[in-house]
Participant: 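First the structure, which I've put down as structure tokens, then a few questions once you've had a look.
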Amino acid sequence: MHLWQRLSNTGFCWLCRTHRLLQSGLCVTCFADLPRLAPRPIIGGQQATRLWLAAFAYQQPVMRWIHDLKFNNFPRLAVHMAPMLAAQAIKVYQHERVYMPDVLVPVPLSNRRWLSRGYNQARLLADELSTLLGIPIQEPLQRRHSVANHLSNAQQRLDNLEQAFAWREPLRGKRIAIIDDVITSGATVEAVAQTLRQVPCVVDAWSLAYTLPPESE
Ligand SMILES: [Zn+2]
């Protein structure tokens, strides 16, 4: 059994493993040290999306936390992470004076990766966000078989993404929030948004963490 599976129900902080546990699954110190982003939209190179938002900068210890969600078989970490993204989304939409979305669309995982991992971390986050915010989930797209993102170079990733998503059903006229765990270049969420916007709709992108460009660090 994985160490963290043994720790999972014993009241330890996910990050430092001390006892003092908040609802977030973290101790007071680790919670206070999280690299939060200001409650404003991220200014990115948006093409198909209206705004991006994220709760955290993609730095330690958030990197480690998300890594455990994705690769160390700890899907229940999404329960701890989602409330912080929900709160950030509410603040950003209030700041921008725009309506919250009608629909949450988790970034699809390829079938092959779903089979190896057993879950889609974006869907887990979306499930929690849906419960917290009362916004339904739809999965109108499926991801075609593709090379794992972290194994291929940037150009290969872009080539893959061009044809990565296939329609199941259109979301005409909806306000949509795409949900992913991390936004780096934004290529994935833009590719999803471009596919969604083959019918008229408004698309935003929400992620737990955002990789800050070098000049802003
Ligand atoms: Zn801690």
Side-chain angles (χ1 to χ4, degrees), residues 1-42 44 52-95 104 106-107 109 113 116-135 148-150 177-186 188-189 205-217:
M1 185 184 284
H2 192 280
L3 172 64
W4 284 24
Q5 281 172 298
R6 278 187 273 126
L7 293 176
S8 63
N9 293 315
T10 52
F12 288 87
C13 171
W14 291 106
L15 292 170
C16 72
R17 297 170 192 170
T18 63
H19 279 282
R20 295 160 296 152
L21 198 65
L22 299 174
Q23 191 109 40
S24 62
L26 303 177
C27 70
V28 175
T29 306
C30 289
F31 186 77
D33 281 346
L34 290 173
R36 291 169 183 281
L37 295 177
R40 301 284 181 270
I42 295 163
W52 299 351
L53 65 89
F56 304 109
Y58 190 53
Q59 299 166 355
Q60 297 295 7
V62 171
M63 293 169 84
R64 183 175 136 208
W65 207 19
I66 291 176
H67 187 274
D68 281 317
L69 169 69
K70 288 170 77 163
F71 299 113
N72 285 348
N73 194 25
F74 240 107
R76 279 181 302 114
L77 280 180
V79 175
H80 298 313
M81 297 170 169
M84 289 172 265
L85 177 53
Q88 181 76 342
I90 290 167
K91 286 184 274 187
V92 170
Y93 280 67
Q94 284 177 343
H95 180 264
L104 306 178
V107 169
L109 202 66
R113 272 199 278 169
S116 65
R117 195 174 298 170
Y119 56 92
N120 174 359
Q121 72 280 0
R123 172 67 204 235
L124 294 177
L125 279 172
D127 282 340
E128 295 301 320
L129 292 166
S130 177
T131 303
L132 291 163
L133 297 169
I135 302 171
N149 267 358
H150 62 286
I178 299 168
I179 309 298
D180 206 356
D181 52 344
V182 181
I183 293 178
T184 301
S185 67
T188 302
V189 293
W206 300 5
S207 68
L208 202 60
Y210 172 62
T211 305
L212 297 172
E215 61 269 26
S216 62
E217 282 175 354

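Atoms within each ligand, like the ligands themselves, are counted from 1 in listed order.
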Participant: Mind checking side-chain contact (heavy atoms from CB on, under 4.5 Å) for P83 and listing every partner two or more places apart, or none if nothing turns up?
Facilitator: L132
Participant: Which pairs of donor and acceptor atoms, one on a side chain in residues 24-40, lie under 3.5 Å apart (sequence neighbours left out)?
Facilitator:
unit_1: S24; atom_1: OG; unit_2: L26; atom_2: N; d: 3.2
unit_1: R40; atom_1: NE; unit_2: H95; atom_2: NE2; d: 3.1

Participant: To the nearest 0.5 Å, what is the distance between CD1 (I178) and OG (S207)?
Facilitator: 11.0 Å
Participant: For the atom pair CE (M81) and CG (L77), what is the distance rounded to the nearest 0.5 Å?
Facilitator: 5.0 Å
Participant: Which atoms form the tightest heavy-atom contact between N120 and V107, and what is the distance?
Facilitator: ND2-O, 3.0 Å
Participant: Mind checking how many protein N/O/S atoms fall short of 2.8 Å from the Zn ion (ligand 1)?
Facilitator: 4
Participant: For D180, check side-chain hydrogen bond (donor to acceptor under 3.5 Å, both in side chains) against everything at least two apart and list the hits.
Facilitator: none
